[in-house]
Amino acid sequence: MRHKKRRGYSTAATLLCFLLVFLICAPLLLIPAGSVTGAAEMRRMLAPVLGTGDGYAKWYVLVLYPTLENFQRLLLESPQFYHLFWNSVGMTVCILLGQLVIGTPSAWAFAAFRFRGRNLLFGLYIVLLLLPFQVMLLPQYLVLKQTKLYGNMAAVILPMIFSTFPVFLMYQGFSQIEAEMLEAARLDGAGEWQIFLRIGVPMGKMGIESAVVLGFLECWNLVEQPMAFLQEQRDWPLSLYLPQLGIEQAGFAFAMSLLVLIPALFVYALGQDALIEGISYMKGKN
């Protein structure tokens, strides 16, 4: 009897999980459908939202009259899309490379060395990690104004390079390495940079990869930082341009959203194992 009750609870929990997953993923199903919906059909479905009809808006997962006009307009008639796309690529690549150059040695120093003030400094990193961007907006704005970086892409890239989250995540990966192994390498005459490059980086690879994957997903979808620190529309990333499209451009926006989503899904698919490992680090798994 108890076994059957447990099976019933397990089945109910599984069904509840599937329901929650469906509700969370349902908006994603609307993107492919909306991207191949023509302007006339979109106006009919969204007539109540546009103020040209009564009742409720309708939506079809299977489009009645699919068309590629949105993609044609986006890829062949919108050169601005390519300009903003390469803005997003350049911004993301520069941030990730900077985080690797700055964050990886920093995380290794916290994990491999014991020095005076280490715990205090790492505690400060954790405090900065907990502070949302809205709290840091005014200090960053004042610093960028004083350094004359405000208004160009460096105003977004430089603060993100020194983000604390990649350091924290890579530190979790490096901390899994046994101290005895590092000491043995030192006794064999290996220098600190040799230990870092030949032991630390290979053995902490999953932490580094998880930081890169999460960093890409964050940087690719930046909205608040570009909105706050960029003045010219030519410097915008795609993630900032999308919210500017009105409901009357819904089909065009869906097509752009689908193309913007593809790189994120590709990076996630490549780094899924590292991402899971990084989450296990944050849970304190040994």
**Student:** Working to the nearest 0.5 Å, report the span between CE of Met91 and CE of Met153.
**Tutor:** 3.5 Å
**Student:** Under a single-linkage definition using a 4.5 Å side-chain heavy-atom cutoff for Ile, Leu, Val, Met, Phe, Trp and Tyr, are Leu138 and Val143 assigned to the same hydrophobic cluster?
**Tutor:** no
**Student:** Going only through I, L, V, M, F, W and Y residues with side-chain contacts under 4.5 Å, is there a path from Trp193 to Met203?
**Tutor:** yes
**Student:** Between Gln99 (side chain only) and Met160 (backbone N and O only), is there a donor and an acceptor less than 3.5 Å apart?
**Tutor:** yes
**Student:** For a 4.5 angstrom cut-off between non-hydrogen side-chain atoms, does Gln176 reach Met206?
**Tutor:** no
**Student:** Quick check: closest heavy atoms across Ala112 and Leu182, and the distance to 0.1 Å?
**Tutor:** CB-CD1, 4.0 Å
**Student:** Rest of the hydrophobic cluster containing Val21 (Ile/Leu/Val/Met/Phe/Trp/Tyr, side-chain heavy atoms under 4.5 Å)?
**Tutor:** none
**Student:** Only counting residues at least two apart or in another chain, list the ones meeting side chain to side chain contact (heavy atoms under 4.5 Å, CB included) with Ala111.
**Tutor:** Tyr171, Phe174
**Student:** I'd like to check Glu183 versus Arg186 (side-chain heavy atoms, cut-off strictly below 4.5 Å). Are they in contact?
**Tutor:** yes
**Student:** Would you mind listing the cluster partners of Leu270? Hydrophobic ones only (ILVMFWY), side-chain contacts under 4.5 Å, chaining allowed.
**Tutor:** Phe266
**Student:** Please say whether more than 12 non-hydrogen atoms of neighbouring residues, nucleotides or ligands are located less than 6.0 Å from CD in Gln146.
**Tutor:** no
**Student:** With heavy-atom distances below 4.5 Å as the criterion, would you say the side chains of Gln72 and Leu76 are in contact?
**Tutor:** yes
**Student:** Could you walk me through whether Leu124 and Leu120 pass the side-chain contact (heavy atoms from CB on, under 4.5 Å) check?
**Tutor:** CA-CA 6 Å; Leu124 180 61; Leu120 177 62; over 6 Å; no
**Student:** Can you tell me how far the CZ atom of Phe229 sits from the CG atom of Leu137, to the nearest 0.5 Å?
**Tutor:** 5.0 Å
**Student:** Is the shortest side-chain heavy-atom distance between Ser35 and Leu259 below 4.5 Å?
**Tutor:** no
**Student:** Side-chain contact, heavy-atom cut-off 4.5 Å: Val89 with Trp220?
**Tutor:** yes
**Student:** Between Asn221 (side chain) and Ser239 (backbone), is there a donor-acceptor pair under 3.5 Å?
**Tutor:** no
**Student:** Using modelled atom types and a 3.5 Å cut-off, is there a donor and acceptor pairing between side-chain atoms of Asn152 and backbone atoms of Ala154?
**Tutor:** yes
**Student:** Should we say atom CZ of Arg114 is surrounded by more than 12 heavy atoms from elsewhere, each under 6.0 Å from it?
**Tutor:** yes
**Student:** To the nearest 0.5 Å, what is the distance between CD1 (Ile31) and OG (Ser257)?
**Tutor:** 5.5 Å
**Student:** Just say parallel, tilted or perpendicular for the rings of Trp108 and Phe196, cut-offs at 30° and 60°.
**Tutor:** tilted
**Student:** Taking side chain as C-beta onward, heavy atoms only, is Gln225 less than 4.5 Å from Pro159?
**Tutor:** no
**Student:** State which residues pass side chain to side chain contact (heavy atoms under 4.5 Å, CB included) with Leu238; sequence neighbours excluded, sorted by chain then number.
**Tutor:** Phe81, Leu84, Phe85, Ser88, Met256, Val260
**Student:** Testing the basics here: between Met170 and Ala107, what is the closest heavy-atom pair and its distance to 0.1 Å?
**Tutor:** CB-CB, 3.7 Å
**Student:** Which pair of heavy atoms, one from Trp236 and one from Tyr241, lies closest together, and at what distance?
**Tutor:** CE3-CA, 4.2 Å
**Student:** When clusters are formed by joining ILVMFWY residues with side-chain heavy atoms under 4.5 Å apart, either directly or through shared neighbours, do Val267 and Ile262 land in the same one?
**Tutor:** yes
**Student:** Rounded to the nearest 0.5 Å, what's the gap from OH on Tyr82 to CG on Leu75? Could you check?
**Tutor:** 4.0 Å
**Student:** Between Gly271 and Val213, which heavy-atom pair has the shortest distance, and what is it?
**Tutor:** CA-CG2, 3.7 Å
**Student:** Might you point out which heavy atoms bring Leu222 and Pro237 nearest each other, and give the distance in Å?
**Tutor:** O-CG, 4.3 Å
**Student:** Which residues pass the side chain to side chain contact (heavy atoms under 4.5 Å, CB included) test with Pro132, not counting sequence neighbours?
**Tutor:** Gln134, Val135
**Student:** Do Ile95 and Glu218 touch side chain to side chain, with heavy atoms closer than 4.5 Å?
**Tutor:** no
**Student:** When hydrophobic residues are tied together by side-chain contacts of less than 4.5 Å, even through go-betweens, does Leu265 share a cluster with Leu258?
**Tutor:** yes
**Student:** Are any non-hydrogen side-chain atoms of Asn70 and Phe254 less than 4.5 angstrom apart?
**Tutor:** no
**Student:** Mind checking the CG-OG1 spacing from Leu158 to Thr147? Nearest 0.5 Å is all I need.
**Tutor:** 8.0 Å
**Student:** To check you understand the geometry: which heavy-atom pair defines the closest contact between Val212 and Leu96, and what is its length?
**Tutor:** O-CD2, 3.9 Å
**Student:** Can you name the side chain to side chain contact (heavy atoms under 4.5 Å, CB included) partners of Phe115, sequence neighbours left out?
**Tutor:** Phe110, Phe113, Arg118
**Student:** Any sub-3.5 Å donor-acceptor pair from Thr92's side-chain atoms to Phe216's backbone N or O?
**Tutor:** no
**Student:** Rounded to the nearest 0.5 Å, what's the gap from OG1 on Thr164 to CD1 on Ile126? Could you check?
**Tutor:** 7.5 Å
